[in-house]
Amino acid sequence: MSSIRVFVALGANLGDREATFASALRCLAATRGVRVRAVSDVFDTAPVGGPVDQPRFLNAVAELECELSPEALLLELQRIESEHGRERGVPNGPRTLDLDLLLFGELTRRTPELTLPHPRLEEREFVLAPLAQLARDLRLVHCGRSVAEQLAHLRRACNAQSGGHAAPAVTAICSSPQAASQWLRERRALGASTGFVPTMGALHDGHLALVRRARAENELVCVSVFVNPLQFDDPRDFERYPRDFAADARAVGGAGADMVFSGTLWEFFPEAQGQRERIATVAAGPAALGLEGAFRPGHFDGVATIVTRLFEWVEPTRAYFGEKDFQQTLVVREIARRRGAPQIVVCPTEREPDGLARSSRNALLDPEARRRAPAIFAALTAARRSWRESGERRAAELERVMRAALAESGLEVEYAQVRDPLAWSEHAPQAPLERARALIAARAGAVRLIDNLRLDSGAEGAP
Ligand code: PAF
């Protein structure tokens, strides 16, 4: 019997969505008369219709070769759905697995059980985006456009309605930098600007503020999630670093990213062929001297090495970094200056109501350490008062003010110092300062926290 080219959409917004997809695809592949020829990337998407506040979906499309009739295939899809806990309930409501028959060759059908092509195929960005990866030139019968053209058409209509820069309904999830680079190259053929937010995951509101800013300033927004072993001087710190890629992908989708990607160290540096010593270190430069550079030897070289490589994979127009890691922003500005791109955008630190800077490491604080941690911001603001209200300009005196404010905090202070942000120096400047940034690193229990504050009257986020 001859086989027909068939496309099936997968959707899930309950349970372990990735595991369900993997298992459903295995079941499809094991179905007699069905061969799975290709599967799109997985996309994280906003729910469309159905109850409000339901979780975000994962969507993908599988291309099959099928020797069954469409009705027989439909029964197989329903069997696989119910084997994965699907209960038919509220239309468009939450579900463990949804398998929709989109296209069955060129067949059209309109029976109570089955409509082909799928009746809402042409209106749904979350179906067209994965389908476009497998069959971008395939003609759609109702609108007469190709899949890729219809996707671009929907996106333009959505942008026009929102006055430009609409948050996308779908966020592509690429599992390697190679896939991400390919994804970006295809879209940039249209000349789109790319905003890039590099992260190590465990995303919080501070990261999401960067994604939202990137969304407002670029046509494409991409986020990387990679816990970079090269920048950890302490292996235990690397192991304990919080990781939840699925939650991160959902969060950046909600904040408006078009694509999120991850990868392994060896995918980022394929030329190293699995040998760490073959990764060429990028020297971080003079901004790495002192403070973080002194307390975390090698840290900034690790940051410079991965950030340079991320810029090579992504080729962003603009890259977004949080001011909480102030010394890091100086290091990445230097990398961008050397390469001639991208534009570095530094966004103000997001804080908890008690002043604690938002950080992925805050999740590791036990209640006692969490209670102590706001003393860091209190010490920084004490230095700022001394600068602004008493006219104090001596680094040593400002440091004394911070140390005094931290004395009873129960925190173990690594440094509490002041620097001229435009003339970075390894040690505290001796001459009275014209501009100043106060920087603190301290341990709250086992967790190392850093924060900083501009003392002079310029805006946070500006150098
Ligand atoms: O700031 C971070 O999270 C990391 O240092 C970065 C820039 C993503 C590089 O790994």
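The chain is numbered in sequence order, starting from 1. Whatever order the structure lists ligands and atoms in, that order sets their numbers, starting from 1. Treat the numbers as computed from the prediction; the structure is a model and nothing was measured.
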Identity and distance of the protein heavy atom lying nearest atom 3 (O) of ligand 1: Met200 CG, 3.6 Å
Would you verify whether the NZ or CZ of Arg250 falls within 45 degrees of the ring axis of Phe43 while also being under 6.0 Å from that six-membered ring's centre? no
Using a 4.0 Å cut-off to any heavy atom of Gln328, which atoms of ligand 1 qualify? 1 (O), 2 (C), 4 (C), 5 (O), 7 (C)
Residue, atom name and distance, where the atom is the protein heavy atom closest to atom 4 (C) of ligand 1: Gln231 NE2, 3.6 Å
Proximity to ligand 1 by part of Thr199, non-hydrogen separation under 4.0 Å: backbone
Given the rule in the side-chain contact (heavy atoms from CB on, under 4.5 Å) test, do Leu439 and Leu453 qualify, once you have shown the distances and angles that lead to the verdict? CA-CA 7 Å; Leu439 305 103; Leu453 197 64; over 6 Å; no
Are the aromatic ring centres of Tyr320 and Phe196 under 6.0 angstrom apart? no
Exercise: identify the closest heavy-atom pair between Pro429 and Ala395: O-CB, 3.5 Å
So if I apply the side-chain hydrogen bond (donor to acceptor under 3.5 Å, both in side chains) rule between Asn59 and each of Asp44, Thr45, Asp41, which one comes out positive? Thr45
Ile306: numbered ligand 1 atoms lying under 4.0 Å from its heavy atoms: 9 (C), 10 (O)
